[in-house]
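One structure is given below, encoded as structure tokens.
This one's a predicted model, so the numbers in the text were calculated from it and none came from an experiment. For the numbers below, each heavy atom of this structure counts, side chains included, while hydrogens, waters and symmetry mates do not.
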Amino acid sequence: MDDTKTVLETRLRAVFDAVETGADPVLRPSDHADFQANGALALAKRLGRQPRELAAEIAAAASLDDLCETVEVSGPGFINLTLSTSFIANQLSAMAADDRLGVLGSEPENVIIDYSSPNVAKEMHVGHLRGTVIGDALCRMLTYVGHHVRRENHIGDWGTPFGMLIEHLIDVGEEKAVLELSVGDLDTFYRQARASFDSDPTFRDRSRARVVLLQSGDAETMRLWQILVAESVRYFDEVYAKLGVLLTDDDIVGESAYNSMLADVVRDLDGLGLLVESDGARCVFPPGFTNRNGDPLPLIVRKSDGGYGYAATDLAAIRDRVGRLGATEILYVVGAPQAQHFEMCFAAATMAGWLPDGVRVAHVSFGSVQGADHKILKTRAGDRIRLVDLLDEAVERAETAIAEKNPDLDAATRGSVAKMLGVGAIKYADLSTDRTRDYVFDWERMLAFEGNTAPYLQYAHARIRSIFRRGNAAVPDPGPLPLLTEPAERDLALALLGFNDAVTSTLGSWNPSRLCAYLFDLATTFTGFYENCPVLKAPTDELRTSRLALSDLTARVLAQGLELLGISAPDQM
RNA sequence: GCCCCCGUAGCUCAGCGGAUAGAGCACCGGCCUCCGGAGCCGGUGGCGCAGGUUCGAGUCCUGCCGGGGGCGCCA
């Protein structure tokens, strides 16, 4: 089907283009009509014409009679467009018949999306939560519009801490260590290793020697390292399953995966004359970056001790993803503090020719999760909160709330619904705030059944499904055009037709909060419809069918929208 | 000290250079012969400060104030 807003925009663009090549109609949703085109104002200014006069000319030339009921020039030169009911009804009917609910496909890109990235032998905490949830939602949407999406979980499975972790593994004993790691007590394991490293000089020496063995590929050391990795990955899988994200073992491409390419990266950079030796380290100095003294800031590729820095790994990844995997777009869903690092990496990779024209790379950064005190979320004891504990508590709280609000629900259903609500609430809280901002974590708010929350949207969906259950009504065929006589019916219809725009604009900014805002608006608009337009008790059969169709389409959009966010929508709750 | 991000209602957040800046929570006042009241209607209340660009600025630019983060061998 053709998208409603796109149809209007295309039609207007042709007329604007005839006046001045490339002129933008600036079509926006409007408070004064269904849409408004603001482009005549700027265009009139450039041409030295009267804005209202030009707007009237454009409105007439566009001949929108088949789409619009009224086209009016208003204010200083806005073109207000009110769609005709028959056009809306036709669009809605096409949307209902469309498996993709009117969401347009995109020219397929080969997208690699790098997200989650926990560290081996370290607990997953709330800091990993946001990136995992946002990255996952973007994967779902990118796939939905037709891109080839490759997920990569760039886990921290290499580097100097592994000397200490392996030595600790030896001290604890393999069996006991595996047991400790398998129950998910990664923090204790890591802390004990750290404590030994800090307090015991002998252990410290052993750790350093072990790092050398690891880097040289010593077989026994590799075997021990592999135990740490395998046990951690098993644990990550549990967390991902609980969280309900797409990531699996197949998506793991840890830092160690690039070890064999690091020497080539250095060789290539050197060959291009981009490497400069500075204090014993080999660095790229991308222009425009300075340190606190105003001196050029280095991207350290090879450390003075001969080891590779993480910049080397990130550069190797870019080179490999573009060169071998044919990525046309690479997204890094990583926290905001690493912004400068990525800017420098992208600059260096561009200098090296590893990011040719036509390949887009972006740091999709996000803000931190804060406690009520506006500091990084911690437990009362001052520890980082484990992600699993957070999820368990959310499900517990959701179950309590459901038991209170719907005591008739059987225990099994209540349990499964509690998981959908609890996990959904946490994910939605992460997704519904502009991703670049820090956000304040608040149990009460995210689990509330009012306001812009997952439970509210899930409830709106369940309530619609219950209409069909209570009324013993079948979902109507998409054939007949809906009747849109009441204002509330028309409002709902227009809201439904905005789904494509919501998904498109979310992907344009990689900001899932756009889709969240849309779904919340749709749900509240439906409530208005539901208050004003009896569905099962509609005055005529024809109207009943029409309203059932509107209700069903709303439920489908809500469920699909939540699905794109990685959130489940139960039929009852 | 330099660089980046952020300052919108009491709180948490939307606002794509366009018309009278919107929600939710909280607070106040209404609504029930209601298909799920987990509701609906109304009210109180706001763009950190000062300049500038523009026909038009919460949005763009400059400075200041406030908060967070980064700034050479951790990732």
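- The separation of B:A57 from B:C71, taken at their C1' atoms, amounts to 33 Å, rounded to a whole angstrom.
- Counting distance only, with no hydrogens placed and no angle test, the side-chain atoms of A:Y459 and the base atoms of B:A38 include no donor-acceptor pair under 3.5 Å.
- Using N1 to N3 plus N6-O4 or O6-N4 for Watson-Crick, or N1-O2 and O6-N3 for G-U wobble, each under 3.5 Å, B:C47 pairs with nothing.
- Taking side-chain N and O atoms only, A:R445 has no distance below 4.0 Å to OP1 or OP2 of B:C13.
- Rounded to the nearest Å, the gap between the P atom of B:G10 and that of B:C47 is 9 Å.
- You'll find a donor-acceptor pair under 3.5 Å spanning the side chain of A:N80 and the base of B:A19, going by distance alone.
- In this structure, CG of A:D434 is placed 13 Å from C1' of B:U59, rounded to the nearest angstrom.
- Looking at heavy-atom distances under 4.0 Å, A:S505 makes no contact with the nucleic acid at all.
- Below the 3.5 angstrom threshold, one finds no donor paired with an acceptor across the side chain of A:S117 and the base of B:A75.
- Under the 30°/60° scheme for interplanar angles, the aromatic rings of A:F346 and A:Y332 are found to be tilted.
- Comparing B:G18 with B:C2, their P atoms sit 33 Å apart, to the nearest whole Å.
- Contact annotation: side chain of A:R470 to base of B:C35, donor-acceptor pair absent below 3.5 Å.
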Q: Determine, step by step, whether A:I426 and A:M446 satisfy the side chain to side chain contact (heavy atoms under 4.5 Å, CB included) criterion, reporting the C-alpha distance in whole Å, the side-chain angles of both residues, the deciding distance to 0.1 Å, and the verdict.
A: CA-CA 7 Å; A:I426 285 192; A:M446 74 171 70; 3.8 Å; yes
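- One can place CZ of A:F449 at 14 Å from C1' of B:G37, the figure rounded to the nearest angstrom.
- Comparing B:C55 with B:A50, their C1' atoms are spaced 24 Å from each other, to the whole Å.
- OP1 or OP2 of B:G36 lies within a sub-4.0 Å distance of a side-chain N or O belonging to A:S466.
- Atom CD of A:Q36 is separated from atom C1' of B:G17 by 12 Å (rounded to the nearest Å).
- Distances shorter than 4.0 Å separate some side-chain N or O of A:R437 from OP1 or OP2 on B:A14.
- A:H341 and A:F289 have their aromatic ring centers separated by at least 6.0 angstrom.
- Nucleotides B:G46 and B:A9 are separated by 9 Å at their P atoms, to the nearest Å.
- By the stacking rule of 5.5 Å between ring centres and under 30° between planes, A:Y456 does not stack on the base of B:A38.
- Atom-to-atom, CG of A:L299 to P of B:C3 comes out at 21 Å; the value is rounded to the nearest Å.
- Summarising the geometry, the separation between OH on A:Y518 and C1' on B:G15 is reported as 18 Å, rounded to the nearest angstrom.
- When the nucleotides B:C13, B:C73, B:A23 are ranked by their closest atom to the side chain of A:V440, B:C13 comes out on top.
- Within the cation-pi definition used here (under 6.0 Å to the ring centroid, within 45° of the axis), A:R435 does not qualify as a partner of A:F366.
- Atom C1' of nucleotide B:G24 and atom CG of A:D442 are separated by 12 Å, given to the nearest angstrom.
- The residue A:A281 sits close to a base: some heavy atom pair falls under 4.0 Å.
- Annotation: cation-pi geometry not satisfied between A:R28 and A:F35 (NZ/CZ under 6.0 angstrom from ring centroid, within 45° of ring axis).
- The closest donor-acceptor contact from the side chain of A:D305 to the backbone of A:G307 lies under 3.5 Å.
- Rounded to an integer number of Å, the gap from A:L515 CG to B:A14 P is 15 Å.
- Distance noted for atom P between B:A14 and B:A23: 16 Å (whole Å).
- Annotation: B:C16 and B:G68 have their P atoms spaced 27 Å apart (nearest Å).
- Here A:K405 does not reach the OP1 or OP2 of B:A38: none of its side-chain N or O atoms lies under 4.0 Å away.
- Rounded to an integer number of Å, the gap from OH of A:Y428 to P of B:A14 is 11 Å.
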